[in-house]
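No hydrogens, no waters, no symmetry mates; every other heavy atom, side chains included, goes into these values. Here is how names work: the chains are called A, B, and so on, in the same order as the sequence lines, proteins then strands, and each is numbered from 1.
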Number of protein chains: 2
Amino acid sequence: MPAPTPRPRRTQAERREATTGKLVDATIACLAERGYANTSVAAICGRAGVSQGALFRHFATRADVIVAAADEITRRHLAQFTAAAPSLRADALERIVVLVRALTRTDTHAAWREIMVAARTDPDLRDAAAEGLQSFERRLIDTAAQFLGLDPRTAERVAVVLLSVMHMFDSEAVTVTVYANERLERERVRWATQMLARELAVLVH
Amino acid sequence: MPAPTPRPRRTQAERREATTGKLVDATIACLAERGYANTSVAAICGRAGVSQGALFRHFATRADVIVAAADEITRRHLAQFTAAAPSLRADALERIVVLVRALTRTDTHAAWREIMVAARTDPDLRDAAAEGLQSFERRLIDTAAQFLGLDPRTAERVAVVLLSVMHMFDSEAVTVTVYANERLERERVRWATQMLARELAVLVH
DNA sequence: AAAGATAGCGAGCGGTCACTTTCTAAGTTA
DNA sequence: TAACTTAGAAAGTGACCGCTCGCTATCTTT
């Protein structure tokens, strides 16, 4: 008689990691497509294909799941930026600007924004979000220094500009989902590129 | 014998307007200090000092109250900007930048942001938010034209910059509540002022 | 293989959600 | 003043919320 189910035989650590991973992925997806208010424990578990009991074995509260998702998003953001870093060249600034904009329009970033906005009025989330934010800023400075060939001091000033541009696109991304204005968006890329070029010109010379 | 309660004797229209006004005010306050997810009907009514039955006499759904709040916020934003407009002068650009930043840090704007972010994943809110957004953009262009003494075409390009700066500060305002970085914020004002000056210089000549 | 620990399920908990219903108070019209 | 309409309070309604608990399944240790 054939074995009805070929048991995978995973270790407890593997099982744990698999389900927590599924839960975090589902949380990010829910935040992106349903928003913070509608990312209920039931929604997360439903999407992850896991019972609510399972969720509460690994996370003490719903907030803890969100925090875990925030950490994961930070990790992904950094990885994404690092992966794209080699294409950062001082003679292709528009590419950088468009890249930053594209980043702020991903589902992952939408989830991040949901958490950040919720963190404003939720002390528990605030601490977790602050940590991710700081590490992201630090890494961005490092990456800019490395790939644009700048000394640390100059890199920091360029990073301020990059972060500011990112802020601009972050906020733009929200309004774009509500009401798109292509001409305005195109103009904004042109403008940001120019600003970056001017800042670099001033700093490098 | 003295009258135990000096009846105000208001008309129905006055009564109606008074309570809807209280409800909208309370909604804005709740959004600002508790966030979208925690702005429940109970919270709104509690703050307004009105029963839930009263709320549902004037608004069909919770979403309708939020929409009314969004409309009111748009009105206030425009009024605030128009009031500040006389201080917009081409030789005091930093003042403009600081003004825009201050606007994005008000409670009213925080409430607006809560609605905008929620609108991303809520079709009902989206339409209402889009309307407010468009009228605000239009008015900003007009105001800029009027007070900076620009022709319509130039004014529109300056407005793009102003709106972009506003976007930057909008997003910054969120992160600031999570983790403040004064040096970075100061640098950002300096940078935005410079950008605005450059843009004006290019356009006016 | 026995005993213990960890993972996962699903029913069920009290509480809160948006919203409804019922009834009284206040203003309007005749 | 009587008949009618509108405003508001208060007590529901079922649905859903985050979370707990008792239990079985799977993995680990002995």
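- A straight line from CD of B:Glu14 to P of C:dA26 spans 16 Å, rounded to a whole angstrom.
- Atoms CZ (A:Phe56) and P (D:dG22) sit 17 Å apart, rounded to a whole Å.
- The cationic atom of A:Arg113 (NZ for Lys, CZ for Arg) does not lie both less than 6.0 Å from the six-membered ring centre of A:Phe169 and within 45° of the ring axis.
- Remark on DNA chain D: of its neighbouring residues A:Arg57 and A:Thr39, the 5'-side contact belongs to A:Thr39, judged by nearest-heavy-atom nucleotide.
- With respect to B:Arg101 and B:Glu94, no salt bridge is recorded, no charged nitrogen being found less than 4.0 Å from a carboxylate O.
- In this structure, A:Gln12 atom CD and C:dG4 atom C1' are separated by 12 Å, rounded to whole Å.
- In this structure, of C:dC17, D:dA7, C:dT6, it is C:dC17 that holds the atom nearest to the side chain of B:Ser40.
- The separation between B:Arg16 atom CZ and C:dG27 atom C1' is 14 Å, rounded to whole Å.
- A side-chain N or O of A:His109 and one of A:His77 form a donor-acceptor pair less than 3.5 Å apart.
- Cation-pi geometry between A:Arg138 and A:Phe81 is not met: the NZ or CZ atom fails to fall both under 6.0 Å from the ring centre and inside 45° of the normal.
- Here the C1' atom of nucleotide C:dG8 and the CZ atom of A:Arg15 are 7 Å apart, to the nearest Å.
- With distances taken from any side-chain atom of B:Ala42 to the nucleotides D:dA7, C:dT28, C:dC17, the minimum falls on C:dC17.
- Closest to the side chain of A:Thr19, from the set C:dC19, C:dA5, C:dG8, is C:dG8.
- The separation between B:Leu55 atom CG and D:dA7 atom P is 14 Å, rounded to whole Å.
- When each of A:Val41 and A:Gly53 is assigned the nucleotide of DNA chain D bearing its nearest heavy atom, the one mapping closer to the 5' terminus is A:Val41.
- Note: CG (B:Asp124) to P (C:dA18) measures 15 Å, nearest angstrom.
- Proximity of a side-chain donor or acceptor of B:Arg34 to a complementary backbone N or O of B:Asn38 within less than 3.5 Å is detected.
- Going from atom CZ of A:Arg10 over to atom P of D:dT28 covers 11 Å, rounded to whole Å.
- On a pure distance criterion of 3.5 Å, no polar donor-acceptor pair joins the side chain of A:Arg62 and the base of D:dG18.
- Closest to the side chain of B:His58, from the set C:dC17, D:dA7, C:dG8, is D:dA7.
- Nearer the 5' end of DNA chain C, as judged by each residue's closest nucleotide, is the contact made by A:Ala54, out of A:Ala54 and B:Asn38.
- Remark: the A:Gln52 side chain and the C:dC9 base include no donor-acceptor N/O pair separated by less than 3.5 Å.
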